[in-house]
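First up is the structure itself, then whatever we jot down about it.
Within every chain, numbering begins at 1; the chains are lettered A, B, ... in the order of the sequence lines, protein sequences first and strands thereafter.
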Amino acid sequence: MLDKSFDPKEAEARIYKMWEDSGAFKPRAAKPTDTKDDNYSIVIPPPNVTGSLHMGHALNNTIMDILIRFNRMKGKAVLWQPGMDHAGIATQMVVERKLAAEGKFRKNMSREDFLNHVWDWKAESGGMIEKQLRRLGSSCDWSRSKFTLGAAPHADKAEVKNQKNMADAVTKAFVEMYEAGLIYRDKRLVNWDPHFQTAISDLEVENIEKNGHFWHFKYPLAGGETYTYVEKDENGNVTLSEERDYISIATTRPETMLGDGAVAVHPDDERYAPIVGKMVRLPLADRLIPIITDEYPDMDFGSGAVKITGAHDFNDYEVAKRNDIPMYSLMGTRGEMIESEIMPAKYVGMDRFAARKAVVADIDAEGLLIRVEDKKIMQPYGDRSGVVIEPMLTDQWFVDAEKMAEDAMAKVNDGSTKFVPENWKKTYDHWMENIQPWCVSRQLWWGHQIPAWYGPAVDPETKEIDWENPRAKYFVADNEANMLGEAALYYSAAENDLTFDVVEDDCDFSLVAQERRFDNMVPLQRDADVLDTWFSSGLWPFSTLGWPDSTEELARFYPTSVLVTAFDIIFFWVARMMMQGLHFMKDENGEGVVPFDDVYIHALVLDEAGKKMSKSIGNTLDPLDLIDGVSADTLVEKRTRGLKNPDKAPQIAKATRKAYPDGFEPYGADALRFTLASQAGQGRNIRLSVDRIAGYRNFGTKLWSAASFGQMNGCTPVAGFDPSSATLPVNKWIISETAKTAMEISRCIDTYRFNDAADAAYKFTWDTFCAWYLELSKPLLSGEDGTDKDETRATFAWVLDQILKLLHPFMPFITEDLWAKIGKGRDTHLITAQWPTYGEELIDVDAVAELEWLQTLITNIRSVRADMNIPPSKKAPLLLCGDTLDPRLETYAPQLSPMARVEHVELAAAVPENALQTVVDGVQYAIPLAGLIDMDAERKRLAKEIEKAQSEIEKIDRKLGNEAFVAKAPEKVVTLQKERRAGYAAEVETLQAALDGLG
RNA sequence: GGGCGAUUAGCUCAGUGGGAGAGCACUACAUUCACACUGUAGGGGUCACUGGUUCAAUCCCAGUAUCGCCCA
């Protein structure tokens, strides 16, 4: 006997362990007959090691697990490669915070000590998310789990042993790309985080709209020159004309004016034409800067004149480069104003925001402040630090992404990699076409240290070493020995007899250099910076498979079958994997091989109001709360804990209690997965509805209870049962429907239509199997023993088995549990059972037609009875009004009795008094119910049905009456309309006869 | 300002150049032996708006409005 319902709390952990212990998550052994199509692989988008499971992960991993389980059951060798991302800045922050709480600070530690702390933290608290992914049922091969920082210096011994290639991969990639001219060192404008004091990627910058100001300043013309400033309206009439000795500029960031290199106006701007090429006196700094023309200024915005601060603004940077305008760096790594030839002494050392106030005040004091405007401005914030990001001119390592993008775009254009849905290709192309140099260095400690060493340069003329600039020359090599080899070669050009000294990366190199020169010892120091995390995640599809070693996995599973990810990292991750994959993975002809055949882009999971889930809005849903259940109190507590803005707590608490007054019941992983799958349409986002999760939990219970019914009726799986051997139409019909559904689900999963696949499985299970087949089979199962009963039992069990298989990718736990419980002694687990491969050959059109007729008959009888408020307890005969009794009525009398409350069936020449009437396939049926029928109501009901059919006929007649329609529409469409009309006409005729019969 | 996308039942969403769909919610009835996490039946939509293409538009095209996301 089965329990009353499935208990996810008890079963999920037990079943998951069974799967893992059974080795089912590992790829099956290779067979000599395997072709590329027999191998199926997915690399997980590596979650951050600091991360915890959120809805996006739940959706992402549900989709991957559906694909993985489906293909595994199809008999392919399947690898789902898991792992984690070391998330440079996020992890460093987490550990720094933890240390700060203990009164320890990174600044006071050596790099080595700090890294030891981070590895300790990772061993203890990192990677919680892998445990959480298991709760979802994710069938990854955990034994192969990789870490983007695996085997980096100071790593745990275990890490080093299993992941040596992960560090090798990064070093090799960097060195090779450098040697190929794809990596270079340059001074460019980057996003600088003054809190963490590192360059960060665009991804880590969040643009937020803030209330700000727009300051309008006068920049006086040099030498007291004046000009006539004329403004005109759109008709060319002069609206303002005055003599000016200044140009008006506006800025949202006054402090940067100290570093202005020019004022730019649009070349078409007549207002400033007289003064283009002249100089203005930059206030406070007392420098002269030119007025130049450039396409960048918008004539209609502000005064139309723009100050150009090349070193502190991305647009200005481009203008400055185009026009050869000098760029002056104003700030240090903490965003403080620094001493320089152009910096007035009074601002040196001021924080950038203090400097802003001072600059405004000082300009005002000079009488050059025109006005201050309130304005909404977009400001860039570091998503981790929360401070305003500063564009800064710094020396960094860059990847020449433009070169690599060409290949990456070509491979999508030629279909080597396909985006699903395909409209995402546009986003990808757009970004690739406008790609910028990729800054790959970060001023952090947690990450892969850049394999580059600095030393002084040798002057090619004098053969002398320039000891004053000890970092002028650099060497890139995969290890220190090779670097020294290169260095020896380079310095052999110098006259002196030299030796080398590789010094610590955290000591003061200039100081050391000055000491060493007296010993003719060349100091070499490794670059202290680390690589952008995305540099290592770009290698993910092949580094996880063992690259740079040539492993069996690489040969079998690269390229991977599909990448499943959300659209927000198409740029940052997908594009980079494409570029790096094509560069490093070559086929026998030296052609780059794409990292994945398909890229499936799924939606973002939003809350029920369509808002992005965010901690600060307090609308997050924790997938584990939906799986395990949570009280309203705990939910409120979780949503209000640790808010950046604690004032919002009462509001969040109120909204949460209103939305979920009772918290969540434990719905189980299957219900959550099924909900996500059924909402994973190929649209843009998913509003997660908790009601739907409850609905799909109920679906699981429905399945469970049907299985329980089968078990009570002796429907045990029969080994070797051949579905094509069934003889009873009802069994042939359900087998036909099973085959149709199996084909439909396979087709949908293959084309990434998860919602359609889930819907097909849901409808078949609930409507076709539980609502119809189960009821129709009851008389057979409770009838006398014999071949019909045996066949029905075997068919029932077979269909249920098929349902378990078809639902397994979506609801792995409950299906696996039922598989074991209803089929005791099976030699397979469901996870590795064979996916249905049958199809058309099991479809019996006659049986399908017969059962469809029966269902229509039953539905019609139920409907007329319900319409006339006949109590279900009241049984009545079913009369066929005609000459011959349909033998099918006798056949299905046992089903008609309970399902349609039919007492018995008989032939009637005429419709008796006081009978309900219905029409099926043009045949008139009567249900005599003397005393129970309100004849007026029955007349109205029939009239309404006639009216409905009539209006359909009218619509069709309008079409058929249109000559152009008949002439131009395809014959098939015209025939269909004629058939439809005939059907409705027959119905009207019979219903009219019935109505007339009532008098 | 530029780009992408959405607008279909009360809610959340599918869908198709030719008969408007699902789940949830709602209404009525039902305690009939798989299931009340149930069953049966039912109500409910000018498919955002305006034009155009077409024999035919919810679907294709253009524009408008509203909303969302990304970029500046």
Note to self: Please determine whether any donor N or O and acceptor N or O are separated by less than 3.5 Å between the side chain of Arg692(A) and the base of G23(B).
What the structure shows: no

Extract from the structure each pairing of a protein N or O with an N or O of nucleotides 54-56 of chain B at less than 3.5 Å, listing the distance.
| unit_1 | atom_1 | unit_2 | atom_2 | d |
| --- | --- | --- | --- | --- |
| C55(B) | OP1 | Lys968(A) | NZ | 2.4 |
| C55(B) | O2' | Asn962(A) | ND2 | 2.9 |

Check: Who pairs with Tyr762(A) by ring-ring contact (aromatic ring centres under 6.0 Å, His included), at least two apart in sequence or on another chain?
Finding: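 In terms of ring-ring contact (aromatic ring centres under 6.0 Å, His included), with neighbours along the sequence ignored, Tyr762(A) is linked to Tyr696(A), Phe699(A), Trp766(A).
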
Produce the list of close N/O pairs, under 3.5 Å, pairing protein atoms with atoms of nucleotides 51-53 of chain B; give distances to one decimal.
none

Check: What does nucleotides 29-36 of chain B look like as a protein-contact string, B for base, S for sugar-phosphate only, - for none, at under 4.0 angstrom between heavy atoms?
Finding: -----BBS

Check: Is there a donor in the side chain of Thr741(A) and an acceptor in the side chain of Lys763(A), or the other way round, less than 3.5 Å apart?
Finding: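 No pair is found: no donor N or O on one side chain lies under 3.5 Å from an acceptor on the other.
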
Item checked: Side chains of Tyr667(A) and Glu665(A), donor plus acceptor under 3.5 Å -> no

Check: Want to settle it: does Asn315(A) or Lys763(A) sit nearer the 5' end of RNA chain B, counting the closest nucleotide to each?
Finding: Lys763(A)

Check: If only atom types and distance count, is the side chain of Arg865(A) paired as donor or acceptor with the main-chain N or O of Lys874(A) below 3.5 Å?
Finding: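 Answer holds: yes.
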
Next item on the list: Toss me the dot-bracket line for RNA chain B: Watson-Crick and G-U wobble, both under 3.5 Å, 5' to 3', using | for pairs to another strand and [ ] for crossers.
Entry: (((((((..((((....[..)))).(((((.......))))).....(((((..]....)))))))))))).

Margin query: Give me each pair satisfying salt bridge (Lys or Arg N to Asp or Glu O under 4.0 Å) with a member in residues 966-980 of chain A, each pair once, sequence neighbours excluded.
Written below: Glu952(A)-Arg980(A)

Check: When the P atoms of A57(B) and U66(B) are considered, how many whole Å apart are they?
Finding: 28 Å

Checklist line | Glu295(A) with Arg322(A): basic N within carboxylate O range, under 4.0 Å | finding: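 No, no charged N to carboxylate O under 4.0 Å.
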
